[in-house]
Amino acid sequence: MVVGHLFLNKRVMANNKTGFTSSFGVIMAAAGSAVGLGNIWRFPYICGQYGGAACLFVYLLFVFLIGMVLLMTEFVIGRRSGFSPEKAFPALYPKRPSWKMVGLFGMFTCFLILAIYLVISGWTLGYFWESLTGTLASIADDGFKAHFDAFVASPWKPVVFLVIFLIFTLLVILGGVQKGIEKVSKLLMPILLVLVLLLCVRSLTLPGASKGLAYLFHPDFSLLTWDGILAILGQALFSLSVGMGAMIVYGSYIPRDSNILKNAMWITVCDVSIAVLAGIAIFPAVFAAGQNPADGPGLVYQVLPVVFNSLGTVGQVFAVLFFLLLVLAALTSAISLLETLTAWLADKGMKRKVAAVIITLIEVVLGIFVAYSFTGGPLSDITPGGKNFFDWANDLTGAYLPPIGALLTVIFFGWVMKKEDIYDELSNHGVLKISWFKVFYHILVRFVAPAALLVSLIASILT
Ligand code: PFF
């Protein structure tokens, strides 16, 4: 396989495919993909719903035992093959070209996730704009729910902001892997960290903040239901952007001398830290303003504006910072989704820029369908099987598709790919010592991860 692999890499160079320039670039770009709406909008609310620290404990277990294993798996598949998912699997196991279906399945998942992601990012950009122009500050405390409902049902607002957000995303992709994705990620990720830390400090110094901390860190195992465990697993995969091939694409951009295991560990630590910090920024503030912390998806758009308004002028500044944080986090994630789909078409021979524009146009259409499906929206009456488009896409991409993709990927890695190839790739052709990894490989990759994914998938289908 080593011969084939060298050949593949020659082909990659002939193809003018550029990769990231350094391990730092890899970590920033992949952490940019991982840290997103999932961390700041979804994770705190899931934690609140399923027992605070009890949820956190299970989340950490899933993230480090399954999520990180998948991250490393996808990086190896990507760098070893030099391809995006559809070509990567058959390149590593030419005997069965049908493994490309796993790659195609991932592309389908990415299409759907990006559509939902763009809609929520569009709302966030809209709220950022409204916090900047003072619109949010002029709304009375009991008016935020009606404001949010009117915003999402508007025939133009969500679409306009979605398109603006998508144009920014496209511009980064058109800039290329190094000058677009890597550069932007290196710039935005540190800003994001500063923003979230600032918000934490403000939140923790509010009177009554300790109640919010207790809510987040007090373990209540009675709330940790079976449903909750599945939701937490789904969240762990979604949050690390694994199970849909995105990290295979970023893996194909990792420099040959970069340490994949170390990268995967750093990215996971970044992802978890930002999620926990987001919880620390949000819950104390919510409690201090006497709001309901279990408000779920509406928390960010309906509850936090009340919190910001209760803080006066400073609150307005923090509203701007918070929505900016959310927009930036969403942007670096949307970038990786658009890049994954672009790389897929580019590997099929299409010009990169043409591919990026085509995917963008398709996503505008998909995004409009999703955006218009909310109550009061132009397509809200279309509910096949009793669900609107958003719920369909959200349920599929939250609970089912990533775990299925993850299961197939980890089976390929643990049972189909040659062990020697994996060791060779992870050790950078024998340069790095990975003896400790070999023990983990047998236990985690071949047994624990597939078994956990299979059990949870069966359970989620049964429930
Ligand atoms: N990890 C992102 C989040 O937590 O918001 C979501 C995501 C981005 C999933 C990119 C998949 C992906 F390819």
Side-chain angles (χ1 to χ4, degrees), residues 27-47 59 62-63 67-68 70-71 73-75 77-78 84-85 103 105-121 123-124 165-166 169 172-173 181 185 188-189 192 196 231-253 264 267-268 270-279 297 300 325-344 359 363 393-394 396-406 409:
I27 293 170
M28 288 300 103
S33 169
V35 174
L37 295 169
N39 302 59
I40 301 165
W41 164 68
R42 201 154 163 245
F43 173 78
Y45 123 70
I46 288 190
C47 240
Y59 181 74
F62 282 156
V63 161
M68 197 170 77
L70 265 139
L71 192 55
T73 300
E74 293 197 8
F75 279 168
I77 293 175
S84 59
F105 183 78
M107 296 307 98
F108 175 69
T109 310
C110 284
F111 263 114
L112 282 188
I113 294 186
L114 186 52
I116 310 178
Y117 221 79
L118 290 172
V119 172
I120 303 177
S121 304
W123 299 347
T124 311
F165 181 87
L166 187 51
T169 313
V172 177
I173 300 300
I181 302 172
S185 306
L188 293 189
M189 291 312 284
L192 203 126
V196 80
I232 298 167
L233 174 67
Q235 171 65 12
L237 297 178
F238 183 82
S239 189
L240 280 177
S241 309
V242 292
M244 55 227 71
M247 291 301 182
I248 294 184
V249 171
Y250 274 13
S252 72
Y253 302 152
I267 293 156
T268 309
C270 283
D271 188 49
V272 170
S273 310
I274 300 273
V276 173
L277 287 173
V300 162
L325 168 74
L326 209 53
V327 169
L328 298 184
L331 182 64
T332 47
S333 297
I335 287 170
S336 82
L337 285 161
L338 185 56
E339 173 61 24
T340 302
L341 294 164
T342 300
W344 167 55
I359 300 286
E363 287 294 347
N394 201 24
L396 278 174
T397 55
Y400 301 103
L401 303 185
I404 294 174
T409 306

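Start at 1 and go down the list; that is how both ligands and their atoms are numbered.
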Exercise for the section: Please lay out, stage by stage, how Glu339 and Tyr250 fare under the test side-chain contact (heavy atoms from CB on, under 4.5 Å). Expected result: CA-CA 9 Å; Glu339 173 61 24; Tyr250 274 13; 4.0 Å; yes

So the atoms of ligand 1 within less than 4.0 Å of a heavy atom of Leu37 turn out to be 5 (O)

Among non-hydrogen protein atoms, atom 7 (C) of ligand 1 lies closest to Ser241 OG, 3.6 Å

Going by the angle between their ring planes, with limits at 30° and 60°, are Trp344 and Phe111 parallel, tilted or perpendicular?
perpendicular

Ligand 1 atoms nearer than 4.0 angstrom to some heavy atom of Ser33 are 1 (N), 2 (C), 8 (C), 10 (C)

Near Asn39 (heavy-atom distance under 4.0 Å), the atoms of ligand 1 are 4 (O)

Here the pair of heavy atoms bringing Tyr253 nearest to Ala343 is OH-CB, 3.7 Å

What one should report as the nearest heavy-atom pair of Ile181 and Val172 is N-CG1, 3.8 Å

Closest to atom 12 (C) of ligand 1 among protein heavy atoms sits Leu337 CD2, 3.4 Å

When Leu192, Thr124, Val35 are each screened for side-chain contact (heavy atoms from CB on, under 4.5 Å) with Leu328, the one that passes is Leu192

A student checking ligand 1 against Ala246 at a 4.0 Å heavy-atom cut-off should list atoms 13 (F)

Correct closest heavy-atom pair for Ser84 and Ile248 would be C-CG2, 4.4 Å

Within 4.0 Å of some non-hydrogen atom of Gly38, the atoms of ligand 1 are 3 (C), 4 (O), 5 (O)

With heavy atoms and a 4.0 Å threshold, my read on which part of Met244 contacts ligand 1 is side chain

Partner of Ser241 under side-chain hydrogen bond (donor to acceptor under 3.5 Å, both in side chains), picked from Ser336, Ser33, Ser333, is Ser33

Atoms of ligand 1 under 4.0 Å from any heavy atom of Tyr117, numbered from 1 in the order shown, are 2 (C), 3 (C), 5 (O), 6 (C)

Nearest non-hydrogen protein atom to atom 9 (C) of ligand 1, with distance, is Phe238 O, 3.6 Å

Ligand 1 to Ala34, heavy atom cutoff 4.0 Å, flagged ligand atoms 1 (N), 2 (C), 3 (C), 4 (O)

Minimal heavy-atom distance between Asn39 and Pro44, with the atoms involved, is O-CD, 3.1 Å

*Quick check: does Ser333 get an N/O under 3.5 Å from an N/O on ligand 1?*
no

For Tyr59 and Ile232, the nearest pair of non-hydrogen atoms, with its separation, is CA-CG2, 3.6 Å

Review point. Going by distance only, is there an N or O of Ser336 that falls short of 3.5 Å from an N or O of ligand 1?
Key: no

- Judging by distance only, is a nitrogen or oxygen of Val35 under 3.5 angstrom from one on ligand 1? no

For Ala231 and Ile46 the tightest heavy-atom approach is O-CD1, 4.5 Å

One finds that the ligand 1 atoms under 4.0 Å from a non-hydrogen atom of Ser239 are 1 (N), 4 (O)

